[in-house]
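Some notes on the structure that comes next.
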Amino acid sequence: MHDDITDIPGIRVGHDTNLEAGTGCTVILCDTPAIGGVDVRGGAPATRETDLLRPMHMVEQVHAIVLTGGSAFGLDAASGVMRYLEEHNIGLEVGVARVPIVPAAALFDLPFGSAKIRPDAAAGYRACTQATAEATDQGNIGAGTGATVGKTHHPSLAMKGGLGSASTKLADGTIVGAIVAVNAWGNIIDPQTQQIIAGSRSNAAPSAEAPLANPFGNTTIAVVATSASLNKEEINKVAQMAHNGLALAIRPAHTMFDGDTVFALALGAKKQEQSPLALYQVSMIGAAAAATLARAVVKAVRNASDLHGIPAATSRPEEK
C-alpha cells in the first residue's frame, strides 16, 4: 500500500500545478462506479454539484471529483474533467448522451501568487491525463499549490499548507483513504503530540479588536473514500463523520472564513441486501475516515515546501 487514497481499487489521482501563479487543481477519477456523498461545514464554500450527492436526490453515481484552487473561478476546471470523461464514453446515460457527474470544491488562493491566473477547463483536462493509481505526490502540488495555513492574526504571518493523502486498512480488509488540500484559517495540530506543526508565526493571542485583513483566503477541501459497499445515506454519514478529522488537526476549523467541504466515495460492489451489521460498518468506516483525514492534513503540511516567500513547516525544527 502507498498510504494514500490510490490504495483503493478504482481510484486514480491526477494534478495540474502552476508554481509560478501559485495555484492548481487535483482530480480524483473513479474507474469503478462510486456512490457519492458530501458534507459542507465551512461558512464560505465554493462548490459545484453538491446537491445531487445528498439523500433523496436521484443520481447516486459519481465519475470524478475535482479539488481546485482559484476560488469560484477555479470551478471551471470541472468542465475540462467532464470533457475528458465524455471523450472516454464515461457518464450517466440519459438517452442522447452520457453526462459525467463531477462534483467540485474550490479553495481561495488568489492572493498567493497571481490573482489573474486560475485553474480552468484546460487545467482540469490536463490533470485527468496525468491521473495514475500509483502513489500520489504531496505538498506543493495540484489543489495544494497555493494553500496556506495559520491566518488568524494576519495573512502575512501564515505558513505553507499543501496537499496530503493517507489510507488505513481495517481488520476486515476494508480500505479507507483520504486526500485533502489544506488551506486553513487556523493552525495545524499533530493529533499525536498536540503540538502546532504549522500555523500563525505570531505567538500572541488573536485580538477581537484587531482588524481582519482580508481573512477570506482559506478553505480545506477533501475526499474520503472506501472500498466498502455503502448506499447513499451511509456514504453521506461517512462524509459527516470525516469532518471530525479536520477538527482534530485544524484549530479552529469550520469557521465563517473557511469553506470546509468533505466529499465521500464508496467503490464497493453494490449491495444485494441490507446487512444487519451495516450500522456498525458505517460507524467504523466513518471513524477511520476521520482519523485518516487528520493524518492526511498533517502529511500535507509536512510535505509542503517554501513558496513565494511563505515558509513551510519543514523550514523550522519539528516540535519534539
ring-ring contact (aromatic ring centres under 6.0 Å, His included): pairs with one or both residues in residues 62-103, sequence neighbours excluded: Y84-H88, Y84-Y125

Lys/Arg N to Asp/Glu carboxylate O, E93 vs R98, below 4.0 Å: yes

Side chains of T6 and T136, donor plus acceptor under 3.5 Å: no

V102 versus R48, closest heavy-atom pair with distance: O-NE, 4.1 Å

Shared hydrophobic cluster for L265 and I5 (ILVMFWY, side-chain gaps under 4.5 Å): yes

Sidechain-backbone polar pair: N218 side chain, F257 backbone, donor-acceptor under 3.5 Å: yes

H243 side chain to A290 backbone, donor-acceptor under 3.5 Å: no

Joint cluster assignment, V66 & L52, ILVMFWY side-chain distance < 4.5 Å: yes

Contact check, side chains of I28 and L67, non-hydrogen atoms, under 4.5 Å: yes

P45 to V40 - nearest heavy-atom pair and separation: CB-CG1, 3.7 Å

Side-chain touch N236/V238, heavy atoms, less than 4.5 angstrom: no

Note, V27 side chain near V13 side chain (heavy atom, < 4.5 Å): no

CD/Q240: more than 12 non-hydrogen atoms of other groups inside 6.0 Å: yes

Residues T145 and N140: side-chain donor-acceptor under 3.5 angstrom: no

Test item: N187 and S200 side chains (from C-beta on) under 4.5 Å apart, heavy atoms: yes

Taking every non-hydrogen atom, the tightest pair across S165 and D4: OG-CB, 3.1 Å

V176/S167 under side-chain contact (heavy atoms from CB on, under 4.5 Å): CA gap, chis, key distance, verdict: CA-CA 6 Å; V176 177; S167 68; over 6 Å; no

Considering all heavy atoms, the nearest H15-T26 contact: ND1-OG1, 2.9 Å

Donor-acceptor contact below 3.5 Å, side chain T174 vs main chain L170: no

Ion pair D306/K160, N-O distance below 4.0 Å: no

Side-chain heavy-atom pair V149, N183 within 4.5 angstrom cut-off: no

Donor-acceptor contact present, side-chain D260 to main-chain T220, <3.5 Å: yes

Residue pair V99 / E86, side-chain heavy-atom distance below 4.5 Å: no

Shared hydrophobic cluster for L19 and I141 (ILVMFWY, side-chain gaps under 4.5 Å): no

hydrophobic_cluster_shared for V62 and I8, side chain cutoff 4.5 Å: yes

Side-chain donor-acceptor distances from residues 106-117 under 3.5 Å, at least two apart:
{"from": "D109", "atom 1": "OD1", "to": "G70", "atom 2": "N", "distance (Å)": "2.7"}
{"from": "D109", "atom 1": "OD2", "to": "T23", "atom 2": "OG1", "distance (Å)": "2.8"}
{"from": "S114", "atom 1": "OG", "to": "K116", "atom 2": "N", "distance (Å)": "3.2"}

Trace of the side-chain contact (heavy atoms from CB on, under 4.5 Å) decision for L29 with R12: CA-CA 5 Å; L29 294 178; R12 290 184 292 135; 3.6 Å; yes

Interatomic distance, M82 atom CE to I101 atom CD1 [nearest 0.5 angstrom]: 7.0 Å

N244 side chain vs M241 backbone, donor-acceptor pair below 3.5 Å: yes

D51 backbone acceptor or donor facing H57 side chain under 3.5 Å: yes

Salt-bridge present (D16, R126; N to O < 4.0 Å): yes

Spacing of CD belonging to Q130 relative to OG1 belonging to T17, to within rounding of 0.5 Å: 9.5 Å

Steps toward side-chain contact (heavy atoms from CB on, under 4.5 Å) verdict (I285, V224): CA-CA 10 Å; I285 291 172; V224 297; over 6 Å; no

Non-hydrogen atoms of G309 and P311 that approach each other most closely: O-CD, 3.5 Å

Separation of T32 OG1 from Q61 CD (nearest 0.5 Å): 10.0 Å

salt_bridge(E233, K237) N-O dist < 4.0 Å: no

Pairwise side-chain contact, L246 with V262, heavy-atom cut-off 4.5 Å (strictly under): yes

Separation of C25 SG from L163 CG (nearest 0.5 Å): 11.0 Å

Electrostatic pair R118-D120, nearest N-O below 4.0 angstrom: no

From I196 atom CD1 to I189 atom CD1, the distance as rounded to the nearest 0.5 Å: 4.5 Å

Ionic contact status for K169 with D7, cut-off 4.0 Å: no

Heavy-atom donor-acceptor pair, S227 side chain to I175 backbone, under 3.5 Å: yes

From CD (Q281) to CG (L230), nearest 0.5 Å: 5.5 Å

Verdict with supporting geometry, K299 and D3, salt bridge (Lys or Arg N to Asp or Glu O under 4.0 Å): CA-CA 11 Å; K299 290 177 70 177; D3 191 28; 3.0 Å; yes

Over all atoms of both residues, closest heavy-atom pair of I250 and A184: CG2-CB, 3.6 Å

Step-by-step side-chain contact (heavy atoms from CB on, under 4.5 Å) determination, T226 to L267: CA-CA 6 Å; T226 178; L267 287 89; over 6 Å; no

Heavy-atom side-chain contact between F263 and T50 under 4.5 Å: yes

Single-linkage hydrophobic cluster, 4.5 Å side-chain cutoff, L85 and V223 together: yes

